[in-house]
2 protein chains.
Amino acid sequence: MVMQRRSSAITIKEVAAAAKVSTATVSRAFAGMDCVNPQLRQHVLGVASSLNYQPNRVARSLRSRTSNTIGLLIPDIDNHFFTGAVRGIESVLNAADYTMLLGHSNDDPKRERNYLSTLRAEGVAGIIFCPNKANHNYYLELQRDGLPMVCIAREISGFEVDTVTVANKQGGYMATKHLLGLGHNRIAIITGPQEVSNARERLEGYRQALQEAGIPEIPFYIQQADYRQQQAHLATLKLLDHPAPPTAIFVTNEVMTLGTLEALKERQVKIPSEMALVGFDDPAWMKILSPGITVVKHPSNRLGAQAAELLLQNLKKPKTGFRQFVMETELIIRGSCGVISS
Amino acid sequence: MVMQRRSSAITIKEVAAAAKVSTATVSRAFAGMDCVNPQLRQHVLGVASSLNYQPNRVARSLRSRTSNTIGLLIPDIDNHFFTGAVRGIESVLNAADYTMLLGHSNDDPKRERNYLSTLRAEGVAGIIFCPNKANHNYYLELQRDGLPMVCIAREISGFEVDTVTVANKQGGYMATKHLLGLGHNRIAIITGPQEVSNARERLEGYRQALQEAGIPEIPFYIQQADYRQQQAHLATLKLLDHPAPPTAIFVTNEVMTLGTLEALKERQVKIPSEMALVGFDDPAWMKILSPGITVVKHPSNRLGAQAAELLLQNLKKPKTGFRQFVMETELIIRGSCGVISS
DNA sequence: GTGAAAGCGCTAACAA
DNA sequence: TTGTTAGCGCTTTCAC
């Protein structure tokens, strides 16, 4: 394979020569070390900028065994929640002069592992990712190696790491409580995969609300799905076909809400008169439907920013213990449950 | 700033020692060079894998002046079109053992330039991006430096580079023609920023369709916007407030369609009876509205894949001239123009 | 406060 | 076919 070779950029050597100092001094000037004479520093920086010099990050990374790149791994780039998190992460990282290396795994453990190993080989300073139970052991290995990491959105038991999640249980609770408050007592839920912590927690919230209201759980109303559109579509159809269909459905993520809406439309079920609906997550399209969809909103941006900040802190000082942040959720009431006709 | 130092991973030296060969042989075995004895290669690879060796990409990149990372810069990560392209790019890149470094610029030239310069300092093998007129000179500089690149979605005049775009004019033409065919003759368009080629082309398609139909252009019906939600919202309101409002609106991207729908909902304008609508780009939510939105669909996935393939080719052989690919668009007819009641 | 020199892990001449 | 050796551009001891 013939590789193209780029015309070489300006190096530290040339800057040193032009400024009549050693490369060490140039390096120090750029690192902002205070052991270098302020005047000299100005001079060096001036020469460097006039030469259009930009330190080679690859060389720096090799020598110093650190880099300004962090790895980011998300399960789904088409999920508003994750792109929101990416934005939050990126804004913090950018401000700190870090770059991110982004991959998405489609929640496929093999792909994820692959990516993780590549990221490590790339010498990233740390990683932010959404853990998958199947790779638990690999995470531990990376952790033992001292790779700084922060997990977002999910947690897996037995893996002690800095984590930023969402108040999922609270969200599930609020959604269900809201429906109960409107008089619904046949409330179904379409859950995510139960090996994922946030899916379990959202379900827990639902259960707690029902229990507090003294409403017995109907197993059939708890439809297990996988956070994807198609299974939610199917689950909705099943619910509709039941002899005693629910009067309300709580769909536990954005993409599945699409599937449920699709099924409802297909069967011409009116919202909210024939079916009330609460979603989870709040992409822009939720409010332009008629009626707008009532949702549990979680601050993906802030979650991402928080995760990035945690990671940056981890890069600076050796870790002691691990921290867990939980972002609050919020119920955005629109017309899909019959309160407001919008 | 105290940087954390990772416990060093296995290096080529240790593999060489364990396999009782030189580092060069290990390197060659990994590079798949056929000058190495097949048996020896097997042996080396075996030892390496038993040691859990993974070549350090940073060192490789520094030494060989090439890398397996490519940079990707998009204007908006919340735009379905770009995330689709990212997926397409990533799948091709992954298969070729490349990683991508993703940034998004918010279409801010300064941020874009910043990113570009970081990517270069990171030693990426090439870049895929969506060019912005304001950075024209910088692109030329990068090109002169020999950095392989491919542009997607837009083109800027005077910048000769491999490009993959969409048949925007055709799309605009089809959309307008479709509306004309249904008897509409007061058709408005909400355009993107005219300094962006695809926005100009979509408008051209609209114009051509009107012209062919012998319908004179009404300047007020051509609302200039910026591809963002808010301006589309405003533009829609303006159109509605006009003494002779249009009977149909062609909104030229996904995000603006959201803005238009929002405005229409706010004013309680019925689709399609009081206003017909055609959008551009086809995220999942377009079809779950009632009625579903008729759109011009463009294959963002394939566009991305094509771009990635072009780039990979550029990495292999020195370039001669430049190539331009144009992906076909397709009209997806739903109920928003009054043909099908869905 | 500054410079000289070693070396990060790898690849690529050049030798053998 | 394989090994030896130099060096990619930078940071970082260790001298001065």
Enclosure of B/Arg302 CZ (heavy-atom neighbours >12, cutoff 6.0 Å): no
Euclidean distance, atom [atom1] of residue [X] to atom [atom2] of [N] [Å, nearest integer]:
X: A/Arg57; N: D/dC10; atom1: CZ; atom2: P; answer: 12 Å
X: A/Ile10; N: D/dC10; atom1: CD1; atom2: P; answer: 10 Å
X: B/Leu62; N: D/dG7; atom1: CG; atom2: P; answer: 14 Å
X: A/Arg63; N: D/dG7; atom1: CZ; atom2: P; answer: 18 Å
X: A/Asn56; N: D/dT11; atom1: CG; atom2: P; answer: 9 Å
X: A/Ile12; N: C/dA5; atom1: CD1; atom2: C1'; answer: 14 Å
X: A/Met33; N: D/dC10; atom1: CE; atom2: C1'; answer: 14 Å
X: A/Lys13; N: C/dA6; atom1: NZ; atom2: C1'; answer: 13 Å

Dump every N/O contact between nucleotides 2-5 of chain D and the protein below 3.5 Å, one line per pair.
unit_1 : atom_1 : unit_2  : atom_2 : d
D/dT2  : OP2    : B/Asn37 : N      : 2.6
D/dG3  : OP2    : B/Ser22 : N      : 3.1
D/dG3  : OP2    : B/Ser22 : OG     : 3.2
D/dG3  : OP2    : B/Thr25 : OG1    : 2.4
D/dG3  : N7     : B/Arg28 : NH1    : 3.2
D/dG3  : O6     : B/Arg28 : NH2    : 2.4

side-chain hydrogen bond (donor to acceptor under 3.5 Å, both in side chains) involving A/Asn137 - partner list, sequence neighbours excluded: none
So, is B/Arg60 near the phosphate of C/dT11, with a side-chain N or O under 4.0 Å from OP1 or OP2? yes
Tell me whether the OP1 or OP2 atom of C/dC8 has a side-chain N or O from A/Arg65 closer than 4.0 Å.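 No, no such contact exists.
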Kindly give the heavy-atom pair with the smallest separation between [X] and [Y], and that separation in Å.
X: A/Leu315; Y: A/Pro148; answer: CD2-CG, 3.6 Å
X: A/Arg323; Y: A/Asp162; answer: N-OD1, 2.7 Å
X: B/Ala16; Y: B/Thr23; answer: CB-N, 3.7 Å

Can you tell if the side chain of A/Tyr139 reaches within under 4.5 Å of the side chain of A/Ile156, non-hydrogen atoms only?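 They are in side-chain contact.
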Check every atom of D/dG9, D/dA6, D/dT12 against the side chain of A/Ser64 and return the nucleotide holding the closest atom. D/dT12
Just call it for B/Phe30: base, sugar-phosphate, or nothing, with non-hydrogen atoms closer than 4.0 Å on any strand. nothing
Please table the atom pairs, donor to acceptor, closer than 3.5 Å between any side-chain atom in residues 81-92 of chain B and protein atoms at least two apart or in another chain.
unit_1  : atom_1 : unit_2   : atom_2 : d
B/Thr83 : OG1    : A/Asp78  : OD1    : 2.9
B/Thr83 : OG1    : B/His80  : O      : 3.1
B/Arg87 : NH1    : A/Asp76  : OD1    : 3.3
B/Arg87 : NH1    : A/Asp78  : OD2    : 2.9
B/Arg87 : NH2    : A/Asn106 : OD1    : 3.0
B/Glu90 : OE1    : A/His104 : NE2    : 2.6
B/Glu90 : OE1    : A/Arg111 : NH2    : 3.1
B/Glu90 : OE2    : A/His104 : N      : 3.2
B/Glu90 : OE2    : A/Tyr115 : OH     : 2.4
B/Ser91 : OG     : B/Gly88  : O      : 3.0

